[in-house]
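To start, the structure under review is shown below, and the notes come after it.
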Amino acid sequence: MAVDYRNGTAYDLSLFEPARKKKIPKDDRSDKTRKSGSVIKLDTGKYRKAQRKRYSPLAVISVTMVGIAIASVSSIIVYNFGVLNELNEQIQSVSRTIENQNDLEAQYRLKIDSKLTTDIVKNYAENKLGMTPAKGGQKKFVALADGDNGKIIREDSKNSLLDILKNIFNVS
């Protein structure tokens, strides 16, 4: 007899074996074999319960928690990569802006330096402000000391142990 556990049916393979020939009158067969033919139906619930693997609730919970932890860590990593890329793009755009501003500053300095030469400033001071260059009588020289005047107030005391002992016993 062969049993199909998926469908819950069993097949009687003895019908396909060569058997002794017996003549059974058609009327003597039971109603059970006539209705179902050669297929015997079995209770599927009993076999499926026996085949079903039982899992411990603790094992199911622990595997679920590990899965959730792995999923959350991987999603955090993906999110952080996205944030990092956005910040890098912002840094690059600010760097480009700084370079452009530095270029503008250099251009403006060149324009200012070309417009304000010493001759232009001197002419403006003389003509518009009424200033004159300093003459010899207006110049006063200040005399400074001939070098640094520093005094040593205290010497560094790098005395050895013997010098300290001498000073203790030579009290005067």
Side-chain angles (χ1 to χ4, degrees), residues 2-9 41-172:
V3 178
D4 185 5
Y5 289 106
R6 282 183 261 142
N7 297 328
T9 56
K41 293 212 174 202
L42 300 174
D43 186 21
T44 58
K46 192 187 280 185
Y47 291 108
R48 288 195 180 170
K49 260 188 180 178
Q51 287 180 344
R52 198 176 329 153
K53 189 173 181 180
R54 310 248 171 170
Y55 294 106
S56 165
L58 183 62
V60 171
I61 291 172
S62 63
V63 168
T64 304
M65 294 302 284
V66 167
I68 289 172
I70 290 173
S72 62
V73 166
S74 62
S75 63
I76 287 171
I77 289 172
V78 168
Y79 173 75
N80 285 337
F81 277 129
V83 169
L84 186 64
N85 285 337
E86 287 181 17
L87 292 175
N88 281 336
E89 289 174 4
Q90 288 178 359
I91 289 171
Q92 288 174 355
S93 67
V94 168
S95 296
R96 279 186 242 120
T97 306
I98 289 172
E99 287 177 14
N100 292 339
Q101 295 299 323
N102 287 338
D103 291 342
L104 283 174
E105 181 188 7
Q107 289 175 3
Y108 291 143
R109 285 194 187 276
L110 286 174
K111 285 181 182 178
I112 290 170
D113 290 342
S114 69
K115 289 184 179 181
L116 293 178
T117 61
T118 55
D119 293 334
I120 294 173
V121 172
K122 184 178 177 183
N123 287 336
Y124 183 80
E126 288 176 353
N127 297 331
K128 300 259 178 158
L129 300 176
M131 301 173 99
T132 58
K135 297 177 184 164
Q138 294 174 331
K139 295 178 185 175
K140 210 181 237 186
F141 296 100
V142 179
L144 298 176
D146 290 340
D148 292 337
N149 292 332
K151 292 183 180 178
I152 298 174
I153 298 173
R154 179 178 70 130
E155 291 184 19
D156 285 340
S157 60
K158 293 183 181 176
N159 298 333
S160 65
L161 183 62
L162 293 175
D163 293 335
I164 294 171
L165 290 175
K166 273 187 198 177
N167 290 336
I168 290 173
F169 292 114
N170 290 333
V171 178
S172 9

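Computed from heavy atoms alone, side chains included, the values below leave out hydrogens, waters and symmetry copies.
To the nearest 0.5 Å, atom CD of residue Gln107 and atom CD1 of residue Ile112 are 12.0 Å apart. Note that OG1 of Thr97 is 11.0 Å distant from CG of Asn102, once rounded to the nearest 0.5 Å. In this structure, NZ in Lys111 is found 9.0 Å from OG in Ser114, a value given to the nearest 0.5 Å. The distance from atom OG of Ser75 to atom CD1 of Ile70, rounded to the nearest 0.5 Å, is 12.0 Å. Atom OG1 in Thr118 sits 9.5 Å away from atom CG in Asn123 (nearest 0.5 Å). Of the inter-residue distances, the one linking Leu84 atom CG with Glu86 atom CD reads 10.0 Å to the nearest 0.5 angstrom.
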Show your reasoning for whether side chain to side chain contact (heavy atoms under 4.5 Å, CB included) applies to Glu105 and Arg109.
CA-CA 6 Å; Glu105 181 188 7; Arg109 285 194 187 276; 3.2 Å; yes
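Nearest heavy atom pair, residue Ser62 against residue Ala59, reads OG-O, 2.9 Å.
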